[in-house]
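This report concerns only the one structure given below.
We're numbering straight along the sequence, starting at 1.
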Amino acid sequence: MSVLALVAALVVQTSPLADPASPEAAAVMVPVNGIFSALAARDAAMLTPHLAPEARMIVAVERPDGTSAVEALAAEAFAAGLEPGPERFEEILTDPIIAIDGDIAMVWGPYVFKLDGRVVHCGSDHFDLIRRDGVWKIAGITWNQRTTGCEG
C-alpha cells in the first residue's frame with residue numbers, strides 16, 4: 001500500500017464526516033444556505049444572522065491570464081459588497097462534504113456562480129462554522145474563483 005493510500009484510508013477512518021441527510025448536517029447547512037439566500041436577494045442584512053462576529057472571508061482569484069490574487073475581507077466589507085441591483089445572483093454548491101466535530105464544522109464543495117442564469121465563475125467553497133448556544137454560525141468563508149473550466 002502506498003503512503004498516499006494509507007494516509008487517505010486513515011483520514012476516512014478518523015474523519016468526522018456527516019451524512020448530508022442527517023439532522024446535524026442539515027443544521028450546519030442552515031447558515032450556508034442563508035448566505036446563498038442573501039446573495040440571491042442581494043440583501044446584506046440577510047448575511048448578519050448567519051455570520052459569527054469575528055467572521056473573515058478569503059478569496060483566491062485565478063485570472064484567465066494565469067495570474068492570481070488573494071484578498072481577505074472582514075464580514076462588514078463582504079456585506080458591503082452586496083448591493084441591490086437588477087441582475088439575479090445565484091450560487092450553487094454541488095456535492096458538499098460536511099464534517100462535524102463537537103462545536104466545529106466545515107462544509108466544502110465545488111460551486112458555480114450565475115448572473116442572470118449564466119455561469120460567470122466557479123471554484124470551491126470552504127465554510128468554517130462554530131456552534132454557540134446551540135446555533136451554527138459561519139466563522140469564515142474561503143473560496144477560489146475562476147472563469148475557466150466552469151460548467152453549470
[X] vs [Y] side-chain heavy atoms within contact, under 4.5 Å:
X   : Y    : result
L51 : K137 : no
I97 : V107 : no
F36 : M29  : no
L82 : D43  : no

Got a second to check how far [X]'s [atom1] is from [Y]'s [atom2], nearest 0.5 Å?
X    : Y    : atom1 : atom2 : result
L73  : I141 : CG    : CD1   : 10.0 Å
L17  : I98  : CG    : CD1   : 9.5 Å
I100 : S22  : CD1   : OG    : 5.5 Å

Heavy-atom closest pair, residues [X] and [Y]:
X    : Y    : result
G117 : R88  : N-NH2, 3.5 Å
W136 : G102 : CH2-O, 3.7 Å
A25  : A18  : CB-CB, 4.2 Å
M57  : A75  : SD-CA, 4.2 Å
E151 : V119 : C-CG2, 4.4 Å

- [ ] Mind jotting down which residue pairs meet the ring-ring contact (aromatic ring centres under 6.0 Å, His included) criterion with at least one end in residues 41-75? Sequence neighbours excluded, please.
- [x] none
TODO: Would you list the pairs meeting side chain to side chain donor-acceptor pair (under 3.5 Å) in which at least one residue belongs to residues 93-110, sequence neighbours left out?
DONE: D103-R131
Output all residues satisfying side chain to side chain contact (heavy atoms under 4.5 Å, CB included) with [X], sequence neighbours left out; order by chain, then residue number.
X   : answer
A72 : R56, I58
E83 : none
V59 : V61, E71, W143, Q145
S37 : M46

Run the side-chain hydrogen bond (donor to acceptor under 3.5 Å, both in side chains) test against [X] and tell me which residues pass, sequence neighbours left out.
X    : result
T148 : none
E76  : none
D133 : none

TODO: Look at the side-chain heavy atoms of Ile, Leu, Val, Met, Phe, Trp and Tyr, link any pair under 4.5 Å apart, and say whether V28 and I92 land in one connected group.
DONE: no
TODO: Look at the side-chain heavy atoms of Ile, Leu, Val, Met, Phe, Trp and Tyr, link any pair under 4.5 Å apart, and say whether V32 and M106 land in one connected group.
DONE: no
Can you give me every donor-acceptor pair (side chain of residues 120-130, partner residue at least two apart or in another chain, under 3.5 Å) with its distance?
| residue | atom | partner | partner atom | Å |
| --- | --- | --- | --- | --- |
| H121 | ND1 | Y111 | OH | 3.2 |
| H126 | NE2 | D128 | OD1 | 3.2 |

Open item on the list: Show every disulfide bond (SG atoms under 2.5 Å apart) that has at least one partner inside residues 29-101, sequence neighbours left out.
Closed with: none
TODO: State which residues pass salt bridge (charged side-chain N to carboxylate O under 4.0 Å, His left out) with R42; sequence neighbours excluded, sorted by chain then number.
DONE: E87
